[in-house]
Amino acid sequence: MKRETPLYRGPRGTADLLPSEQKFWRYLESNAENVAERFGYRRIDTPVFEDSGLFVRGVGQGTDLVEKETYTFQDRGGDMLTLRAEGTAPVCRAYLEHGMHNLVQPVRLYYFTSIYRYERPQAGRYREHHQFGIEAIGDGNPAVDAEVIELGWRFLSGIGLQKFTIQVNSIGDFNCRPTYLGELKDYYAKRRGLLCDDCKVRFERNPLRLLDCKKENCLALSAEAPHSIDHLCGECQEHWDRLKGYLSALGLLFNIDHHLVRGLNYYTRTVFEIQPPVEGSQSAIIGGGRYDGLIQELGGRPTPGIGFGMGIERVILNLREQGISVPDQDGPKVMVSYIGDAACKEAIKLASQLRQEGISATLAPSGKSIKGQMRHAFSLGTAYAIIIGDNELQKGTLILRDMGKGEQQEATLAQVKQILQG
RNA sequence: GUGGGCGUAGCCAAGUGGUCCAAGGCGCCAGGUUGUGGCCCUGGAGAUCGAGGGUUCAAAUCCCUCCGCUCACCCCA
């Protein structure tokens, strides 16, 4: 008669991960852990919120992420806090805070965590999403760059995703990038009138971003624009060449994308993405790069680092698109049904005993006929049902029904346990 | 922040001014004789037709406002 009207709904851009979809999450999390640990990475979890300054300093003033996408609030003590807006800066903060530079370098870390960004939601983009990420801190060797890219690649192919492409680029370091940016601005300065309105702003604020504008006119301009890899200093050039060599040695096919620049300020040298075959908003499923200046920016000594973040929701989207199935989760193995109050008590005890033996068991719903209870067992998908009624109570036995075969037998508790454990 | 699409029961969905106090399907609940499932059959519960206002003799159907969802842009995972 009366309608249930929810007073609240989940906040915009968030999602409840219902039992029916948990199999994806379990599957991806365990695969991520397996791959990461196979590469020698160890798990780290950082708080959901951090000092707001961490993201401002780490990710950088002038980035969209910091300027318009953070969830920032003041707590009751007056501290400014920000919900985790990305994974790298918190991990670097923890590296510093716990003196991990005293550990054997590089320190290899991974995480599987939630990220918060105030954005308009759309396919593959949410205000709360989850990332699997890794960071290798303390070794500037391009071998580590290759390792990080390979790890991401192995994860994706390990879960059955196909037709992904690796995009790489080098945007130089703090020595050679200014020179390149100068060239870039010279190039665009001569063609300024042709730029779109957004790009006119980019020209002033963040010229690198001119390269990845997708508007027709701007695409034509960026196609002819100078390439960052043609302006690398000696060290960056060597790093870049060795990386390409290592990736090839690993048999990883990659695409050099001169327009790949990424939106966070901390990147140096290597930047990369792994992209799914379909165009669209979920352009990158993995994004990452080297951040050799970040630790220092956060107050540490100069320390190289590289890592990536991978969007779990986007992975799931692609699993669905490519029709890849993931293992189902098991329900209870047996349902204990009963007839009458006396039997109910026995059923409760029996279910408890079975669980203590490591057998997953659930009690039949109350107030149902045997027929109703059997229907219930069928829809739960339990392999067995146990029936306790007056007859069984008197005889001290149980009925064990094999739901698959549709056959049942009278058995003692010991026999039942043995069969269920087999 | 900008632009497009959409909003009928838990889910899918018919219906575009009167015969709709709203069809159908899935799911849910109960029965199909007395202690037993899957198919099938029967019955049942469940909808202030997103909310508010307006037009009209009459609105789920037309208009306005708001809210929500969704897709795209920006940007990102």
Side-chain angles (χ1 to χ4, degrees), chain A residues 1-6 8-15 18 20 59 63-69 84-88 112-133 152 196-199 201-202 206 209 212-215 260-264 273-276 279-288 307-318 335 337-340 343 364-365 367-393 399-408:
Chain A
M1 176 83 209
K2 200 174 167 192
R3 190 191 169 191
E4 301 177 53
T5 45
Y8 303 102
R9 37 170 58 231
R12 182 164 213 205
T14 65
L18 302 175
S20 55
V59 174
T63 58
D64 280 5
L65 201 165
V66 160
E67 289 200 346
K68 46 188 221 198
E69 294 178 1
R84 179 171 38 231
E86 59 99 45
T88 301
F112 196 101
T113 196
S114 55
I115 304 282
Y116 302 87
R117 292 180 194 167
Y118 187 83
E119 307 184 86
R120 283 285 289 268
Q122 67 184 74
R125 203 228 266 145
Y126 310 96
R127 289 186 173 179
E128 178 187 62
H129 77 277
H130 298 77
Q131 289 188 12
F132 163 48
C196 71
D197 291 343
D198 285 338
C199 280
V201 179
R202 293 189 180 109
N206 197 346
R209 307 234 59 138
D212 67 353
C213 183
K214 287 157 208 140
K215 296 218 169 60
L260 176 58
V261 296
R262 314 236 73 232
L264 312 184
E273 287 184 356
I274 298 184
Q275 299 172 353
E279 299 282 326
S281 58
Q282 72 279 34
S283 59
I285 203 160
I286 284 182
F308 69 67
M310 177 178 81
I312 297 300
E313 282 81 354
R314 290 182 182 179
V315 171
I316 294 175
L317 220 54
N318 280 274
M335 188 193 78
S337 65
Y338 57 91
I339 306 153
K368 276 187 194 290
S369 64
I370 276 289
K371 171 185 265 190
Q373 295 185 52
M374 289 304 113
R375 278 185 175 160
H376 189 83
F378 174 76
S379 50
L380 286 182
T382 64
Y384 293 92
I386 291 172
I387 301 166
I388 309 174
D390 291 337
N391 297 341
E392 291 71 35
L393 284 180
I399 302 284
L400 179 65
R401 182 174 182 81
D402 183 321
M403 297 299 288
K405 291 183 186 158
E407 295 166 359
Q408 63 190 43

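Convention: sequence-line order gives letters A, B, ...; per-chain numbering from 1. Keep in mind it's a predicted model, so treat the numbers as computed, not measured.
Taking the P atoms as reference points, B:A22 lies 14 Å from B:G44, given to the whole Å. Here the separation of B:C67 from B:G24, taken at their P atoms, is 36 Å to the nearest Å. With P as the reference atom, B:U33 and B:G25 are 24 Å apart, rounded to whole Å. Between B:U55 and B:U70, the two C1' atoms lie 30 Å apart (nearest whole Å). Taking the C1' atoms as reference points, B:C12 lies 12 Å from B:U8, given to the whole Å. B:A59 and B:G17 have their P atoms separated by 14 Å, given to the nearest Å. Taking atom C1' on both B:A9 and B:C21, the two are 15 Å apart, rounded to the nearest angstrom. B:A60 and B:U19 have their P atoms separated by 9 Å, with the value rounded to a whole Å.
Distances shorter than 4.0 Å separate some side-chain N or O of A:R375 from OP1 or OP2 on B:G38. For B:A72, the OP1/OP2 oxygens have a side-chain nitrogen or oxygen of A:Q122 closer than 4.0 Å. OP1 or OP2 of B:A30 sits under 4.0 Å from a side-chain N or O of A:K368.
Checked against B:A77, B:C73, B:G35, the side chain of A:I399 finds its nearest nucleotide in B:G35. Among B:A72, B:C76, B:A77, the nucleotide with an atom closest to any side-chain atom of A:R209 is B:C76. Checking B:C75, B:C40, B:U36 against every side-chain atom of A:M374, the shortest atom distance belongs to B:U36. The side chain of A:A123 lies closest to B:C71 when the candidates are B:A77, B:C71, B:C29. Nearest to the side-chain atoms of A:S369 among the listed nucleotides B:G35, B:C75, B:G31 stands B:G31. In the set B:C75, B:G32, B:U70, B:G32 carries the atom at the smallest distance from any side-chain atom of A:K371.
Taking the side chain as every heavy atom from C-beta outward, A:M335 and A:M403 never approach each other to under 4.5 Å. Side-chain atoms of A:E86 and A:R117, non-hydrogen and from C-beta on, do get closer than 4.5 Å to each other. Contact of the A:I339 side chain with the A:D390 side chain is not registered, since no non-hydrogen atoms from C-beta on lie closer than 4.5 Å. Between A:K68 and A:Y118, the closest side-chain pair of non-hydrogen atoms is not below 4.5 Å. Residues A:M310 and A:I274 are not in side-chain contact: their nearest non-hydrogen atoms beyond the backbone lie 4.5 Å or more apart.
When each of A:R12 and A:I274 is assigned the nucleotide of RNA chain B with its nearest heavy atom, A:R12 is the one assigned upstream, toward the 5' end. Map A:Y126 and A:T382 each onto its nearest nucleotide of RNA chain B; the residue landing nearer the 5' end is A:T382.
Within the 4.0 angstrom heavy-atom criterion, only backbone atoms of the sugar-phosphate kind lie near A:I286; the bases stay farther away. Within the 4.0 angstrom heavy-atom criterion, no nucleotide atom of any strand lies near A:Q373. Using a 4.0 Å heavy-atom cutoff across all strands shown, A:E407 reaches no nucleic acid atom at all. Heavy atoms of A:G372 sit nowhere under 4.0 angstrom from any nucleic acid atom. Using a 4.0 Å heavy-atom criterion, one finds that A:R9 contacts the sugar-phosphate atoms exclusively.
Side chains of A:T382 and A:Y384: a donor-acceptor N/O pair is absent below 3.5 angstrom, by distance only.
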Secondary structure of RNA chain B per the Watson-Crick/G-U criterion (both distances under 3.5 Å; [ ] crossing, | other strand, . unpaired) is ((((((((.[[[..)..(.....]]].(((((.......))))).....[[[[[..)....]]]]])))))))....
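Summarising the geometry, the separation between CG on A:D212 and P on B:C73 is reported as 13 Å, rounded to the nearest angstrom. In this structure, A:L260 places its CG atom 11 Å from P of B:A77, rounding to the nearest Å. In this entry the distance linking CD1 of A:I387 with P of B:G37 reads 10 Å, nearest Å. Computed from coordinates, the A:R117 CZ to B:C76 C1' distance equals 6 Å when rounded to whole Å. Look at CG on A:D402: it is 14 Å from C1' on B:U36, rounded to the nearest Å. Look at CD on A:E128: it is 16 Å from C1' on B:C76, rounded to the nearest Å. Regarding A:R84, its CZ atom lies at a distance of 14 Å from the C1' atom of B:A77, rounded to whole Å. Residue A:Q408 contributes atom CD, which lies 15 Å from atom C1' of B:G38 at whole-angstrom precision.
Atom CG of A:D402 is surrounded by more than 12 heavy atoms from other residues, nucleotides or ligands within 6.0 Å.
By the stacking rule of 5.5 Å between ring centres and under 30° between planes, A:H376 does not stack on the base of B:G37.
Scored by the side-chain contact (heavy atoms from CB on, under 4.5 Å) test, A:E313 finds A:W25, A:Y126, A:H129, A:H130 as partners (sequence neighbours excluded). Partners of A:E69 under the side-chain hydrogen bond (donor to acceptor under 3.5 Å, both in side chains) rule, at least two apart in sequence or in another chain, do not exist in this structure.
No N or O donor and acceptor, one from the side chain of A:E69 and one from the base of B:G1, sit under 3.5 Å apart. Taking only distance into account, the side chain of A:R120 meets the base of B:G3 through a donor-acceptor pair shorter than 3.5 Å. With hydrogens and angles left out, the side chain of A:N391 and the base of B:G35 share a donor-acceptor pair within 3.5 Å.
Salt-bridge check for A:E273 with A:R262: passed, with a basic side-chain N closer than 4.0 Å to an acidic carboxylate O.
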